[in-house]
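Labels below follow one simple rule: chain letters A, B, ... track the order of the sequence lines, proteins then strands, and each chain is numbered from 1. Because the structure is a prediction, the values reported are computed rather than measured.
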Amino acid sequence: MLNVENINVGYKDLQVLWGVSFQVNQGELVALIGPNGAGKTTTLKAIMGLRRPWSGAIYFEGCNLCKAPAHKMAELGIAMVPEGGRVFTGLTVLENLELGAFPPHARKHMAQTLEEMYQLFPRLAERKFQRAGTLSGGERQMLAIARALMSRPKLLMLDEPSFGLAPLLVDRIFAKIQEINQAGMTILLVEQNVRAALELAHRSYVIQNGRIVGTGTSEELLSFEFVRSAYLG
Amino acid sequence: MPLLKVEGLSKSFGGLQAVSGVSFQVAEGEILGLIGPNGSGKTTVLNLITGFLQPNAGAIWFCDENVVNLPRHQICRRGIARTFQLTKPFLNITALENVLVGRMYGRQPAPSRKAAEEESLALLERVGLGDKAHSLVKDLSLMQRKKVELARALAAKPKLLLLDEIMAGLNPAEVDDAMHLIREIRSWNITLIVVEHIVKAILGLCDRVVVLNMGEKIAEGAPQEIVHDPHVIEVYLGKVYA
Amino acid sequence: MVETLVQNIVFGLLLGALYGLAAVGLSLVFGVTKFLNVAHGELLMLGGYASFWLFNLYRVDPFLSLPLAALALVVVGVVLYLLLFSRTVKMDEEQKVQTTMLIGFGVSVILQNLAQRLWTADDRSITTAYSRMSWTLFDIRFPIVRVVSMVVALVLVIALHQFLQRSYFGKAIRATVEDWEEATIIGIDTHRVYLVAFIIGAALAGMAGTLVSVGYSIVPSMGLEWTLVCLVVMTLGGLGSIIGTFVGGLILGVAQALTAFAVGGAYRQVVGLLLFLLVLAVRPQGLFGVKEG
Amino acid sequence: MSRRDIAFIISTLIAAAALAVVPTITTKESVINLLVLVYIYVMMASSWNIIGGIAGQVNLGHAAFFGLGSLVSRILWTKGWPLSISLILGALVPVAFALLIGAPSFKLRGVYFAIGTLAMAQILFITTRNLFPMISSLPTEALSTYSLAPRYYMALGMTLLTVLVVFWLSRSRWGLGMVAVREETSAAESLGVSALQHKLLALCLSALFAGLAGGVFAYYSAGYYLFFPFFPTWTFDAVMATYIGGTGTVIGPIIGAVFYVLVKEILALRFVELHPFIFGTLFILVVLFLPGGMIQIWSRLRRLLVRKSTLAPSAAKEEQVPETNMVHDRPAVE
Amino acid sequence: PATEAPAPTQPPTQAPTQAPTQAPTQAPTQAPAKPAPEAIEIGASIPLTGKYGSLGVQVKAGYELAVQTINAAGGVYVKEFDKKIPIRLTIYDDESDPTKAVSKLESLNTEQKVVAYLGGAASDMHAATVPIAEKNKVPYCGVSFALWKIHQQGYKYLFSPFPKSPTQAEDTFKILNASIPEGQRPTKVAIFQETTDWGIELGGLWKENAAKYGYEIVDYETYAPRSENFSDMILRAKAAGAEALLAVPNQPDGIAMVKQMSEIGWTPKFMLLIRAPENPAWSEALGPLGDFVTIFPGWHYKMKWPGVEELVKKHQEAYGRPPDVLVGPAYACVEVVADAIQRAGTLDRDAIRDAMAATDLPMSMIGPIKFREDGTGIVLNPMVQWQKGQIEVVWPPEHKSADLAYPATPFDQR
Ligand SMILES: Nc1ncnc2c1ncn2[C@@H]1O[C@H](COP(=O)(O)OP(=O)(O)OP(=O)(O)O)[C@@H](O)[C@H]1O
Ligand SMILES: Nc1ncnc2c1ncn2[C@@H]1O[C@H](COP(=O)(O)OP(=O)(O)OP(=O)(O)O)[C@@H](O)[C@H]1O
Ligand SMILES: [Mg+2]
Ligand SMILES: [Mg+2]
């Protein structure tokens, strides 16, 4: 479904990704793990069209994403939960969610999806008319996830969804991710909570210094000593 | 004598009672954990202590002085420094200069710029950003920015340091490093209040933990007691840790 | 005496409506795109000239030429946006405000001199057959041209307000304002949003220009003065509020008129500005602005 | 003081010395005149840079300081007060004004501050125009003995003073605090920086040098309307010159002011009919291609060179270390 | 850079390095003491753009046409060199900005070494530039300003063949009394005084002189330039029963005033609005509302001086319309300078200044010219009036192209 082929990406003069390749198949839950600054976020941004690869190609359902404008990705069915609970701080919670359903196919089902989201995160229903900027850190994170789901994507990319969430919620969110995935949504997960991520994922890639250095099922990866020592502490 | 004593602290936003009647103390040399579900008022408490918000009621005694209504910079000069959950670095200057601001103001401003630079550089090294000292902060990643903020707060030579989720987004191995660093900070005679959601860190670091829920203090005690407190498990942890 | 007072207030309101309409365009563009287009006054001037020449050469009634002036300014807006302003879209807010201000400055220099070269430095004004007519109500005169201008302004402003508040696109606009990268992520074509906002602003400026040329006069060097008035009115009303901006215009107009009535014409503008500062002292976010977090 | 700092001071002094020689080697008064104008603009841009660039408060009422400075200096001086006292008072009155308006106006943020200060300056402008509608021209005896040289040296000296003070400020603790306030006020305060103190100091220094520039203008001008220096274009010119040179830096406003005056004047003399078009276009080109100001030319060139010389990676590495000045050239946006 | 004296065959703008193509061809009859310069340099800084642009372009046209005419005849005879030397005129644009004007004048002084300055346009520009002439000791001849105060500073180098405020103030009432039979005169006068030095000066003079001629000031209003809203003033003047309106508005203010008077329904029987109605845009802007307004323009092309007809023809050729009101006085300025140079017989500035002070031109584009001690010209002060979209000369009688139309038809009956 998603095919990343040998991309090189960077900021100004600084190359961050070096020949990164991986794929995500329909219905799969794939995790991307790696230390701080390895280039995980950059990879997601490249897929989203926010950072153009210097070279290489990215295919989504056979369509070359490098040729599509960035705002088309949502329409194609890719959604992303940005790092650090980035939401529209000046808009209310409700407006944020409504905007999540921007692509035409999602807008049709807006009311229904909205209900689903309120069930998933009741706190958001309570804060409906609060400006997103005044939410607590964790509440923002919920809003960011919910907003991405509002677009009813085929591929959901999450950049550290557990970031700043209380333990109880982390469990809930991982359960929810699994549930969504089992319902058929393809998921690419970037996560620092490595153990949880590996438990969840069908397959994982390990990225270090901008290069893919390992891949396999969770058991396989957990058997690698370098993964254990570097990520599990 | 406690270093910090918070009494009956309350804060509401419009109709929302974000903090209500919270009291606790921090003894010198202690590491106090402040935990609670998302939106329970932890950051708000830190904001109240550092003068970013004015409480509706309550008092905050720091070194036997009520610091409520003191301007923020005065609070810092008394010896309280902090980091921000949503980072607020000085984006268009270098990491080193960020830290320099802390070093040249703060509680004990450095006598000369040269000395300040040396100390700041050392602090950056210590948090693991030595190689980025001369990068503009806007070119740094979120984690790196958090480290800059930590170094910057340390540079202000606080007696009390408030850390707001500096470990969010770290992987377990990195959390270990961070815990190590925090212990070292304590050894520099700095008292800490740590807000974290990473239970492992809370357990491993804190002498005492205060738990907030919906703005109220629902538990206080040693970490091991807290993780077994059924109320805490119900509203926050979800399961028994440790 | 009372009659004079009321008459003054009426004239103040009528002028204030023009201030309001002119400022709404600037306010929209600034609110949405964070482009501080200091060439706004020059766009107004171009609109005025479009209508003036249509009237002068082909006797097109200025109120009929309003849409044509708007159209002309849309074209100008598209060109300015694609050629210049679009290059600043991805900058952070502060840098965007700064860069567009500089671009706007350059554009205003060029447009002003272009106008002067093409149409001389003479003041131009449209005077139609009905220009001298007024309705009289209780001895108060309501000049037809100005009343119609005010109605036009009011209709335009309300329509715009509805469009932004009610429509989904309006929300998309506000989202884009905040964070273009994130707006892109959720599928908003940010360039289009910016372009639309920019040309609406230009069209509004153009129509305001037409009304100025009917009620007052236009001249190539008029831009700076109008830009300044627009900036003050926009801030008085509170950034980001369309209705607020318009009301700000009315208030300024009336304040000036009352000053002229009470202290004399020389301090007309001074008191208007003092009032503005007073408002800011009480409400640092302007009359209808939203206080920052 | 670092080696770079010493180099800056020395080169500034050398430049000033070279400029001091100009009147002795040219008899062309127009050159001297133009230079006086350049100096006034450098003072205006550099002084605006203190509050607008370093402390980050976009003040659009700078003309008020310039106007007050020239008003006070001119009136006192033409009334027969000693020139030096007239100038000093001309610089102090704007400072007093800055202190007066500072605290209330700093309650305003962003555009509100900018437009609020603009309104304040406009009030002064209109009031001055109402109170002093008459031209202030030097009496004929003064005109017949008018000599440009002392004006030139005064302008040069004041400019040098301004630049050196701004330079000192940019390297000082106060300057660092101002930058911190500019970048993130609340974070700065949480580190012990008093935002109000720093902003006030910046505004007062800014007013001081703008007032001095006004004094220079008053002393230099043979005849002008007293309200003329209050005209908002004085503010805008200073702002444009600063931005186009590079805001927040020491050299940026100088480069910007020189560019602004010289290019404009030379174009006006060379192309009487078309000069505004050419200037406008040139201005926009600079803005678009050097978004951080003309000061970027240097780093751009350097980066080009570095890219070209990929064969010498070690050298390139060295070059990548940015300056450790606290006031930076803002890097270009990609 | 410079706009050079445009000879008929030349494009108007040309680089200064080029020698004038119409350099004199006749060989000198005897060897001169000094080599003759190739041209007599004179220069001006004019507001060609900015708010005074509409005045500046008129002045520029007048200067250029005059220089063209003089050069076509070989230039100005200078005794010292015993030959005719053409004039080279350098014109800069000061963008209506006094500081820029100052630096342009300095440039003319040092680069071109002009022997005389021609003035720019508008009182406040002159007020800023005249001291420069004085300081540089360059004779200065300027029109398009009636401000008398400049002449009260004791300047030696300033000359202005243009009617000044005191003349205008007295003439206002003199002309009214001469043109309108007693009993019908608009004796109740309203004055709208602009808060500029000229506005204050002329307003004060009107006030001073009114009673002497049998007029009463029933309303005296002050306003800042560029006030869009005049309704309060108009209402008060109307309430006071004023029959005449005297003012010196700039163009936008003048247009706004008339529009608002018509809307409020107050038609003064007599209106003297100096400045605003001075160019053809007035009637374009206001249509019939602009009629009946009178002006003191200093000159008009319908005046019957010799040479005017030819000037009209040339202006028509170059610009496609008859000359505007400032073209004539500007033309005369050049005539004054040329005459002074010829009488001085040298290109020495002080000699030219002295010659200029002694000017006694029997005839020029604006009639005979002499100067008073203070540099103000003893010149005719004609009054013109807009009638049916045309400007007609209504005073003095010997130049009249129409009678003063009085009283004005109410606005709503036009
Ligand atoms: N805007 C930027 N400009 C310059 N360099 C950047 C920028 N953003 C990121 N980088 C650099 O790119 C590298 C990879 O960053 P990225 O954010 O992709 O890492 P990550 O794997 O997501 O890390 P984290 O776990 O901290 O989120 C880092 O070294 C960072 O310094
Ligand atoms: N300025 C404000 N206006 C309105 N509500 C606010 C404001 N600031 C915080 N709140 C609300 O107060 C509550 C407490 O917020 P706070 O940021 O203190 O939570 P927290 O405990 O730090 O949560 P987290 O762990 O998610 O960071 C939240 O529900 C939040 O929405
Ligand atoms: Mg990341
Ligand atoms: Mg928090």
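The two residues A:Ala166 and B:Pro37 have their closest heavy-atom pair at CB-CA, 4.0 Å. The minimum heavy-atom distance between A:Gly164 and B:Glu165, with the atom names listed, is CA-OE1, 3.3 Å. Summarising the geometry of A:Phe163 relative to B:Leu142, their closest heavy-atom pair is CZ-CD2, 3.9 Å, with the distance given to 0.1 Å. The nearest pair of heavy atoms linking B:Asn171 to A:Gly34 is ND2-O, 4.3 Å.
Heavy-atom pairs under 4.5 Å with chain A peak, among B:Leu86, B:Ile35, B:Thr43, at B:Leu86. Annotation: maximal heavy-atom pairing with chain A below 4.5 Å, among B:Gly238, B:Gly169, B:Ser141, occurs at B:Gly169. Comparing B:Asp177, B:Thr44, B:Leu140, B:Leu170 by heavy-atom pairs within less than 4.5 Å of chain A, the highest count is held by B:Leu170. In terms of heavy-atom pairs under 4.5 angstrom with chain B, the leader among A:Leu168, A:Leu169, A:Asn193 is A:Leu168.
The side-chain heavy atoms of A:Arg195 and B:Pro172, taken from C-beta on, include no pair separated by under 4.5 Å.
For a residue to count as touching a neighbouring chain, one of its non-hydrogen atoms must lie under 4.5 Å from one of that chain's; by this rule A:Asn36 touches chain B with backbone and side chain alike. Within the 4.5 angstrom heavy-atom criterion, only backbone atoms of B:Val235 (N, CA, C, O) approach chain A. With a 4.5 angstrom heavy-atom cutoff, A:Arg140 touches chain B only via side-chain atoms. For chain B, the nearby parts of A:Glu139 are the backbone and the side chain; heavy atoms of each come within less than 4.5 Å. Only the side chain of B:Leu16 has a heavy atom closer than 4.5 Å to any heavy atom of chain A. Contacts of B:Leu237 with chain A are made by both backbone and side-chain atoms, with heavy-atom separations under 4.5 Å.
Surrounding CG of A:Asn6 are more than 12 heavy atoms belonging to other residues, nucleotides or ligands, all under 6.0 Å away. The number of heavy-atom neighbours closer than 6.0 Å to CZ of B:Arg208, taken from other residues, nucleotides and ligands shown, is above 12.
A donor-acceptor distance shorter than 3.5 angstrom exists from the side chain of A:Arg123 to the backbone of B:Asn38, with no hydrogens or angles considered.
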